[in-house]
Amino acid sequence: MDIKILALDLDGTLLTDHNYVSAACRDAVQAARKKGIQAVICTGRNAADSYMFGDQAGGVDWAVTGNGAEVRSVPDGQVIFTQTLGEALCFALVDICERFGTDPCFYTSGAVYYGREFEQFISDCAALGMKFDFIEREHFHRVPDHGWRAFVQERSGEILKAILHASDPALVDQMYAWIRQDDRFEAAPSEMFGGKLKNIEINRSGVSKGHALEVLANQLGCTMDNVMAIGDSDNDLTMLRMSGLGIAMGNAPAHIQQAANAVTAANTENGVAQAIERYLL
């Protein structure tokens, strides 16, 4: 198989449970690049995070961010594809949050705008043994509790995706069921700590990592048959299914592993490095 593009999810895949790229994974990514393979961060996070973790990985070539809402060259920042949520969908999400007594978290290319539910999510993660420093980063900004409509009016043209959080997993399930009734959205549920924490990643309908990778592959003069993709979550399903070689992480749920061509070790066991060494080096 002629692999020309290596697509790597971040959380639960390239990153350890402590939110960094291991030396083994860094070395494997760079060995693949030395063979002429284009390394692509393919994440629900934004460009700011992608650059940071790309640096930890020793450098990457492309970033597919916001679950496929944007594709950009990392060396020069050139954007070759973007599809924002748009004002109407952002207001619809604010309405849903008000209905369920929560608030949204909106992502642009350069920043994350969060509220009280994201703060509670950070606290819940810490209580379960995982500490993030998200809120201390310069590109994370707190929106006042009653300021979401004003925020959407001002910034809707920049918003790539949203995440809905709630401490009660049952409430997240209810929101997910509600959102799935609206065909304007792509919604991917995400679980942590065996389902003790859940959230929902939301994009405009048609936006996905798989579609964005297809755009990039065409830009590079190849096809999805030339892509090896590695991931662990529902928002990785499209790229795992569409790629010539889709590899699920050992820590991925059963339905993700079943959708892939192969399964590697867990993110805590340098699964990305093992997959690169087995299939690319």
Side-chain angles (χ1 to χ4, degrees), residues 6-26 28-29 39-46 49-50 52-54 56-57 60 63-68 105 107 112 118 121-122 124-126 128-134 161 163-165 169 172 176 186-203 208-210 212-213 227-241 243 245-276 278:
L6 170 63
L8 300 168
D9 173 51
L10 284 177
D11 296 285
T13 301
L14 182 61
L15 302 184
T16 70
D17 283 351
H18 297 290
N19 217 40
Y20 69 90
V21 180
S22 72
C25 288
R26 178 198 65 214
V29 169
V40 185
I41 297 266
C42 208
T43 179
R45 300 198 195 210
N46 61 11
D49 275 354
S50 296
M52 178 178 65
F53 291 118
Q56 285 189 21
V60 297
V64 170
T65 62
N67 288 332
C105 189
Y107 283 59
V112 176
F118 183 73
F121 169 76
I122 298 298
D124 291 341
C125 286
L128 290 166
M130 182 183 289
K131 183 179 179 181
F132 296 110
D133 62 351
F134 290 160
K161 77 157 195 176
I163 296 185
L164 304 189
H165 298 93
V172 177
Y176 180 57
E186 295 286 348
S190 179
E191 293 189 2
M192 298 176 65
F193 306 103
K196 293 180 181 178
L197 289 182
K198 293 183 178 181
N199 57 47
I200 312 164
E201 301 202 41
I202 302 168
N203 291 87
S208 71
K209 292 183 180 183
L213 276 173
V227 177
M228 181 172 111
I230 310 178
D232 74 305
S233 298
D234 282 76
N235 64 350
D236 298 315
L237 277 172
T238 55
M239 72 174 186
L240 293 178
R241 288 169 171 159
S243 296
L245 182 55
I247 299 177
M249 298 297 293
N251 49 288
H255 70 284
I256 306 294
Q257 296 188 14
Q258 291 166 4
N261 301 112
V263 178
T264 187
N267 65 318
T268 55
E269 301 169 334
N270 296 313
V272 164
Q274 292 189 39
I276 291 172
R278 178 172 182 179

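Because the structure is predicted, anything quoted here is derived from the model rather than measured.
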Smallest heavy-atom separation, K196 atom then P169 atom, equals O-CG, 3.4 Å

Side chain to side chain contact (heavy atoms under 4.5 Å, CB included) between T43 and D49, intermediate numbers included: CA-CA 9 Å; T43 179; D49 275 354; over 6 Å; no

L164 side chain near V172 side chain, heavy-atom distance below 4.5 Å: no

Interatomic distance, CG@D11 vs CZ@F53, rounded to 0.5 Å, equals 7.0 Å

Distance check, rounded to the nearest 0.5 Å: L6 atom CG versus L14 atom CG? 9.0 Å

Taking I230's backbone N and O only, do any of them form a donor-acceptor pair with D236's side chain (distance below 3.5 Å, no angle check)? no

Say you draw a straight line from NE2 of H165 to CZ of F118; how long is it, rounded to the nearest 0.5 Å? 5.5 Å

Scanning both residues in full, the closest heavy-atom pair of A188 with D234 reads CB-CB, 4.2 Å

Using modelled atom types only, decide if a donor and an acceptor are shared between the side chain of S233 and the backbone of N235 within a distance under 3.5 Å. no

Do T13 and V272 pass the side chain to side chain contact (heavy atoms under 4.5 Å, CB included) test, and can you show the C-alpha distance, the side-chain angles, and the key distance before you say yes or no? CA-CA 7 Å; T13 301; V272 164; 3.7 Å; yes

Please round to the nearest 0.5 Å and tell me the distance separating atom CD1 of I247 and atom CG of L240. 9.0 Å

Please determine whether side chain to side chain contact (heavy atoms under 4.5 Å, CB included) holds for the pair L237 and I256, giving the CA-CA distance in whole Å, both sets of side-chain angles, and the decisive distance to 0.1 Å. CA-CA 7 Å; L237 277 172; I256 306 294; 3.7 Å; yes

Rounded at 0.5 Å granularity, tell me how far NZ in K161 sits from CG in N203. 7.0 Å

Is there side-chain contact between I276 and R278, with at least one heavy-atom pair below 4.5 Å? no

Please check if the side chain of E201 supplies one atom and the backbone of A187 the other of a donor-acceptor pair under 3.5 Å. no

Side-chain heavy atoms of P189 within contact of K198, under 4.5 Å: no

What I want to check is whether the side chains of N46 and T65 have a donor and an acceptor closer together than 3.5 Å. no

Is any side-chain heavy atom of C125 closer than 4.5 Å to a side-chain heavy atom of L197? yes

Backbone N or O of G12 within a donor-acceptor pair of the N251 side chain at under 3.5 Å? yes

Taking NZ, NE, NH1 and NH2 as the nitrogens, is one of them in K209 or D9 under 4.0 Å from a carboxylate oxygen of the other? yes

Pair L8-C42, side chain to side chain contact (heavy atoms under 4.5 Å, CB included): steps then yes or no: CA-CA 5 Å; L8 300 168; C42 208; over 6 Å; no

Exactly one of T16, N267, N270 clears side-chain hydrogen bond (donor to acceptor under 3.5 Å, both in side chains) with S22, and that residue is N270

Kindly say whether V21 contributes a backbone atom to a donor-acceptor pair with the side chain of Q56 at under 3.5 angstrom? yes

Is the shortest heavy-atom distance from the side chain of S208 to the side chain of E186 under 4.5 Å? no

Please report the closest heavy-atom contact between S50 and I41, naming both atoms and the distance. OG-CG2, 3.7 Å

Side chain to side chain, V263 and M249, heavy atoms closer than 4.5 Å: no

Closest non-hydrogen atoms of L213 and A7, given as atom of the first, atom of the second and distance, are CD1-CB, 3.7 Å

Would you compute the distance between atom OG of S190 and atom CD1 of I163 and round it to the nearest 0.5 angstrom? 8.0 Å

For V64 versus G68, what's the shortest heavy-atom pair and its separation? CG1-CA, 3.7 Å

Measure across N261 and S243 and return the closest heavy-atom pair with its distance rounded to 0.1 Å. OD1-O, 4.2 Å

